[in-house]
Participant: 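There's a structure below that I have some questions on.
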2 protein chains.
Amino acid sequence: MGKPSRSSHDSTSADTRRQLLDAAAGVFAGRGFHHATVRDICRIAGANLAAIRYHFGDKEALYAAVLHETAPAPATPPAGSPLPPLATQLRNFIHSFLARIAEEGVAGHHGCIMAREMVDPTPALDDLVQHFIRPQHEWLQRLVRDLAGPGFSSAQIRRIAHSIVSQVLFYKHCNAALSRLAPADCLSPSNLDDIADHITRFSLAAIASFKNSDDSPRPARISSRTRSRPSR
Amino acid sequence: MGKPSRSSHDSTSADTRRQLLDAAAGVFAGRGFHHATVRDICRIAGANLAAIRYHFGDKEALYAAVLHETAPAPATPPAGSPLPPLATQLRNFIHSFLARIAEEGVAGHHGCIMAREMVDPTPALDDLVQHFIRPQHEWLQRLVRDLAGPGFSSAQIRRIAHSIVSQVLFYKHCNAALSRLAPADCLSPSNLDDIADHITRFSLAAIASFKNSDDSPRPARISSRTRSRPSR
DNA sequence: GGCAGGTTCAAACGGATGTTTGAAACTGTC
DNA sequence: GACAGTTTCAAACATCCGTTTGAACCTGCC
C-alpha cells in the first residue's frame, strides 16, 4: 500500500497488488466471476499474467480478496448518539441502501458482484452472507420489530423485512429490464430521494396497517381460492 | 419441416430438435448462456455436436429458440368472464406469479433464464422485455390504477407496481442468499400461499394508505435530512 | 561489485469451448 | 436397387482460458 519506494517508474512493486484488486473488481463486477478473464484483469491493471499467481495464488483467491477488500463498512449507526425516530431510521436505511446500489464507480462494484452471486453463486457467497448480509438483515429485523410493535411472530417480522429489502434490491436486480421498460424509473441520483420516499411510505403504511389489524395469524384469506388467472 | 417420418428407432429425425430444446433449456437455466456448453446440451439431448448447427445455426440461435419456445403464456384472464374484485385480482396475480417462480421442472427454466438475463443481459433480453415482460407490466399497471383510484400520476402508479413485483421477484433473485440466511423463508409449495397472502396484504395496505392520504406530490419529506447511518 | 530476496516478464502448456468439415446413415421415391 | 434429399456422425480446427515455467529484472545490503 503505502510506501512509494521511488523507482524509475512510479509503479512500485507491491502496489501491483492494488492495481490488480481494482482492475479485478471492475471486471468481476462487469462480467461475473466465470466470464471474467484474468487476461483482461491483468491488461487493465498493467500487470503480467503471472502477477495473479504471485500475489494471490489463483483467480478464485483474487476474487475472494476483491470481495473482502471492496466490501463497504456494515454501516451501523454510531453507537452512543441519540437515535432518531424509528420511521426516520427506516428511511435512512432505505436511502443509504439505495445510494449504495446506485453507486457507479468503484463503490458500486461490490453491489454488482453481489447481485451476480445471487443468480450464480460461487463458494464466496457463504462468507458474503455470513459477514455482510446477515448483520444488516438482523439490524433491519430489529428495526421492523420495533416499528411493528408486539404480537408479531418472527416469521412475520422477517417477511416484512423481506418486503422492504426487496423493493430496494429491485432497482439493482431488475435494472436491465427497467431500463428497457421504463427508463425514467431507473435508479439515478436524480430520483433516488423520490424512490427512497416511496419505498419508505409504502412500507410504513403497510406496517401500520398490520399493527392496527388483527395480530392473530390472519382473519381468513382475502378471498376464496377462486382464481381467474391460470398460471399458464 | 416437422413431419415425424417413423423410423426403426423412436427417435425420429426432427425430434432431435425437441430434445435439443429441452436439454438446452435445462442447461441454460442452470448455468446461464455463457457458462453453458453446447457439449453438455448435446450430451443430455443424446445428439451430436453438429446437430446444433444443423437445426439452429449456432449456440445463440439455440438460446433464442429456447427463450421463444419455453415462454409460458402471458396468463391474461379469460376475456368475457366476470372479473373478480380488484383485491382478488391482485392476489391472484401475485399467487400465480409466485407459483411460476416456484416452479422447479421444465416450467421453471424460463424464470431462471430470465433472472440471469437481468444481471447478465444477452441480445435476447430485448425481445423478452418486449413480448413477455411488457404485457404483464402494463396489465399490472392498469390493475394498480384501478385499485388506487384517481389522482395518481403514472409515475406513482409505476412505482407502486414496482413495489409489488419486487416483493415477488425477491424470492427468485435472492433465493441463494435466503437459503443461507433463513432457509425457512425460501419459496416452496408449502409456504407459497402464506407468502402470497403477505405480499397481497402488504401491498393492499400501502395502496389504501396512499389513497386516503394526500394525493398531491407529497406533504414534505418524512423527516429532515438528518441521517444517522452514513453509507460507508 | 556481488549477492540474495523479492518482483516482473514473455512464452508456453494443457484443457475446454464454439464451430466446421466431409463422409456416412437414413428417408422416401422411382 | 439406384438416386436425391435429409439427418447424423466422428474428428478435427481455431480460439480462448487459467495456470505454470524459468529466466530476467529490480532493490537493498554486504
Side-chain angles (χ1 to χ4, degrees), chain A residues 1-28 30-66 116 120 122-124, chain B residues 1-28 30-66 116 120 122-124:
Chain A
M1 201 191 268
K3 83 160 42 132
S5 48
R6 264 321 82 78
S7 140
S8 58
H9 306 77
D10 52 347
S11 87
T12 156
S13 52
D15 89 328
T16 308
R17 194 188 137 91
R18 167 57 42 191
Q19 303 261 29
L20 278 174
L21 279 172
D22 291 345
V27 176
F28 283 139
R31 301 216 265 258
F33 174 74
H34 290 297
H35 198 45
T37 73
V38 294
R39 280 175 168 82
D40 273 340
I41 293 172
C42 289
R43 187 174 41 77
I44 293 174
N48 187 270
L49 262 179
I52 288 183
R53 171 178 165 85
Y54 181 78
H55 285 282
F56 299 94
D58 60 358
K59 184 187 180 185
E60 194 166 327
L62 170 61
Y63 185 67
V66 166
R116 293 184 182 280
D120 207 72
T122 74
Chain B
M1 209 173 268
K3 80 163 45 136
S5 42
R6 258 329 76 75
S7 143
S8 57
H9 305 75
D10 52 348
S11 88
T12 156
S13 52
D15 89 327
T16 307
R17 193 187 138 92
R18 167 55 44 189
Q19 303 262 29
L20 278 174
L21 279 172
D22 291 344
V27 176
F28 283 139
R31 302 218 264 258
F33 174 74
H34 291 297
H35 199 45
T37 72
V38 295
R39 279 175 170 81
D40 273 341
I41 294 171
C42 289
R43 186 173 42 77
I44 294 174
N48 188 271
L49 262 179
I52 287 183
R53 171 178 164 86
Y54 180 77
H55 285 283
F56 300 95
D58 61 359
K59 185 187 180 185
E60 194 165 329
L62 170 61
Y63 186 68
V66 166
R116 293 183 182 280
D120 206 74
T122 73

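Basis for what follows: all heavy atoms, side chains included, without hydrogens, waters or symmetry-related copies. Convention: sequence-line order gives letters A, B, ...; per-chain numbering from 1.
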Participant: Grab the two heavy atoms, one from A/C42 and one from A/L49, that are nearest each other, plus how far apart they are.
Facilitator: SG-CA, 3.8 Å
Participant: B/R43 has an atom CZ; how far is it from atom C1' of C/dA16, in whole Å?
Facilitator: 14 Å
Participant: Which residues pass the side-chain contact (heavy atoms from CB on, under 4.5 Å) test with A/D22, sequence neighbours left out?
Facilitator: A/R18
Participant: In whole Å, I'd like the distance from the CG atom of B/L62 to the C1' atom of C/dG18.
Facilitator: 12 Å
Participant: C/dC9, D/dT19, C/dT21: which one has an atom nearest the side-chain heavy atoms of A/A50?
Facilitator: C/dC9
Participant: Would you indicate what B/I52 reaches in the nucleic acid, counting non-hydrogen atoms under 4.0 angstrom: base, sugar-phosphate, or nothing?
Facilitator: nothing
Participant: Output the rounded distance in Å from CG (A/L49) to P (D/dC16).
Facilitator: 14 Å
Participant: Looking at C/dT8, I'd like to know if its phosphate oxygens (OP1 or OP2) sit under 4.0 Å from a side-chain N or O belonging to A/H55.
Facilitator: yes
Participant: Classify the angle between the aromatic ring planes of A/Y63 and A/F33 as parallel (below 30°), tilted (30 to 60°) or perpendicular (above 60°).
Facilitator: tilted
Participant: Does a distance-only test, which skips hydrogens and angles, find a donor-acceptor pair under 3.5 Å between the side chain of B/R39 and the base of C/dG18?
Facilitator: yes
Participant: D/dT19 P sits how many Å from A/F56 CZ, rounded?
Facilitator: 13 Å
Participant: To check you understand the geometry: which heavy-atom pair defines the closest contact between B/P123 and B/E60, and what is its length?
Facilitator: CG-OE2, 3.6 Å
Participant: Using whole Å, what does the distance between atom P of nucleotide D/dT8 and atom CZ of B/R18 come to?
Facilitator: 15 Å
Participant: Which one, C/dG18, D/dA10, D/dG18, comes nearest to the side chain of A/V38?
Facilitator: D/dG18
Participant: Report for the helix from C/dG1-D/dC30 to C/dC30-D/dG1: angle between first-end and last-end helix axes, five pairs each, rounded to 10 degrees.
Facilitator: 20°
Participant: Looking at side-chain heavy atoms only, is the closest gap between A/L62 and A/I41 below 4.5 Å?
Facilitator: yes
Participant: Provide the full list of side chain to side chain donor-acceptor pair (under 3.5 Å) pairs with a residue in residues 38-52 of chain A, sequence neighbours left out, each pair given once.
Facilitator: A/R31-A/D40, A/T37-A/D40, A/D40-A/R43
Participant: Any idea which heavy atoms bring B/K59 and B/I52 closest together, and the distance?
Facilitator: N-CG2, 4.3 Å
Participant: Whole Å only: how far is the CG atom of A/D15 from the P atom of C/dT8?
Facilitator: 8 Å
Participant: When you check the phosphate oxygens OP1 and OP2 of C/dT17, does a side-chain N or O of B/H35 lie under 4.0 Å from one of them?
Facilitator: no
Participant: Whether A/T37 contacts D/dC16 is assessed here as follows: a side-chain N or O lying under 4.0 Å from the phosphate OP1 or OP2. Is that the case?
Facilitator: no
Participant: What is the distance from OH of B/Y54 to P of C/dA24, rounded to the nearest Å?
Facilitator: 18 Å
Participant: Can you find a side chain N or O atom of A/N48 that sits less than 4.0 Å from OP1 or OP2 on C/dA10?
Facilitator: yes
Participant: Output yes when at least one side-chain N/O atom of A/R53 is less than 4.0 Å from OP1 or OP2 of D/dT19, else no.
Facilitator: no
Participant: What is the distance, to the nearest angstrom, from the CG atom on A/L20 to the P atom on D/dG18?
Facilitator: 14 Å
